[in-house]
Amino acid sequence: MRMHTFATALPTRLAALAALGLLITACGNEPAEVDVPAPGADAPEETDTDTTNEDTEGTDGDAAVELVIETSVSNEDGLTAEEGFEEGTWTLTCAPVGGDHPDPEAACAEIDEVGGEPFVMDTTDMMCTMEVGGPEEARVTGHVEDTEVDTEFNKRNGCEIDRFSQVETVINP
């Protein structure tokens, strides 16, 4: 019978620990981001969101944020939308604040707080909890600062539920 000593088992254990460390690192603790500057990179200058100018017509594309938000409810899971969720289409501009969004000041404040990351985050390769938070969906197009936005929000897994909640005031005013 062959006996394994501590000296012969150590390399095997170290290799297993190293593989586990690589697996944990590869699980995606950081969200996959598209067109978001790296930390420490020259960030665009913050714009002052003057809420006193509520020009909703004729922004001529000069607003820092211009979005079209289309909300809907999916019927495929047989779930009901949370109370207060409305289907519809709104426009939103920030700096200057405007559009026909029901609460443009709060939506612009939320975008100032979270930035453009939720609008460009790609969760397709992320490990996410398997849960369905509801049938609410939203399609958002336009731009946040210099970043073009064309994305869909839903509540189909833990990552998407979190992403949806980051901009809930924008999507579900």
Side-chain angles (χ1 to χ4, degrees), residues 4 6 8-44 46-47 64-90 92 94 101 103 106-173:
H4 290 282
F6 180 75
T8 59
L10 184 62
T12 304
R13 289 181 180 169
L14 288 175
L17 285 173
L20 181 61
L22 287 174
L23 179 62
I24 290 171
T25 303
C27 282
N29 291 333
E30 295 296 321
E33 298 175 4
V34 180
D35 295 332
V36 176
D42 290 329
E46 288 190 30
T47 58
V65 174
E66 288 187 15
L67 298 174
V68 175
I69 301 114
E70 301 172 62
T71 59
S72 61
V73 175
S74 168
N75 294 325
E76 66 187 57
D77 294 324
L79 301 172
T80 57
E82 70 180 58
E83 188 174 328
F85 185 83
E86 293 185 27
E87 294 183 280
T89 301
W90 298 282
L92 173 68
C94 302
H101 189 279
D103 195 353
C108 289
E110 186 170 70
I111 291 171
D112 274 348
E113 183 180 322
V114 299
E117 181 180 350
F119 298 101
V120 295
M121 184 184 296
D122 181 8
T123 63
T124 54
D125 291 331
M126 294 174 64
M127 292 195 54
C128 305
T129 57
M130 294 179 62
E131 59 185 302
V132 177
E136 298 89 344
E137 298 177 332
R139 178 159 186 89
V140 180
T141 56
H143 70 86
V144 175
E145 298 294 337
D146 293 331
T147 304
E148 289 298 315
V149 173
D150 186 357
T151 190
E152 293 182 16
F153 290 86
N154 61 60
K155 294 183 176 182
R156 300 258 186 274
N157 63 49
C159 298
E160 287 297 322
I161 292 169
D162 181 53
R163 186 170 163 251
F164 192 101
S165 69
Q166 288 179 23
V167 292
E168 186 138 19
T169 303
V170 175
I171 296 172
N172 186 24

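Note that this is a predicted model, so its numbers are computed, not measured.
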Counting only pairs under 3.5 Å, give me each side-chain donor-acceptor contact of residues 166-173, with atom names and distances, residues two or more places apart or in other chains.
from	atom 1	to	atom 2	distance (Å)
Q166	NE2	D162	OD2	3.2
T169	OG1	E110	OE2	3.1

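Between the side chain of R139 and the backbone N or O of E152, no donor-acceptor pair lies under 3.5 Å.
Between V120 and E148, the closest heavy-atom pair is CG1-O, 4.3 Å. Among all heavy-atom pairs drawn from P135 and A81, the shortest one is CG-N, 3.6 Å. Considering every non-hydrogen atom in both R163 and P118, the closest pair reads NE-O, 2.8 Å.
Each side chain to side chain donor-acceptor pair (under 3.5 Å) pair with one or both residues in residues 79-88, not counting sequence neighbours, appears once here: E82-K155.
Taken to the nearest 0.5 Å, the CD atom of E160 stands 10.5 Å off from the CD atom of E137. Atom CD1 in I69 sits 5.0 Å away from atom NE2 in H101 (nearest 0.5 Å). Rounded to the nearest 0.5 Å, atoms CZ (F153) and OG1 (T71) are 12.5 Å apart. The distance from the OG atom of S74 to the CG atom of N154 is 9.0 Å, given to the nearest 0.5 Å.
Listed by chain and residue number, nothing satisfies the salt bridge (Lys or Arg N to Asp or Glu O under 4.0 Å) test with D103 (two or more places apart in sequence, or in another chain).
Note on ring orientation: taking the six-membered ring where Trp is involved, the planes of F85 and F164 are tilted (angle from 30° to 60°).
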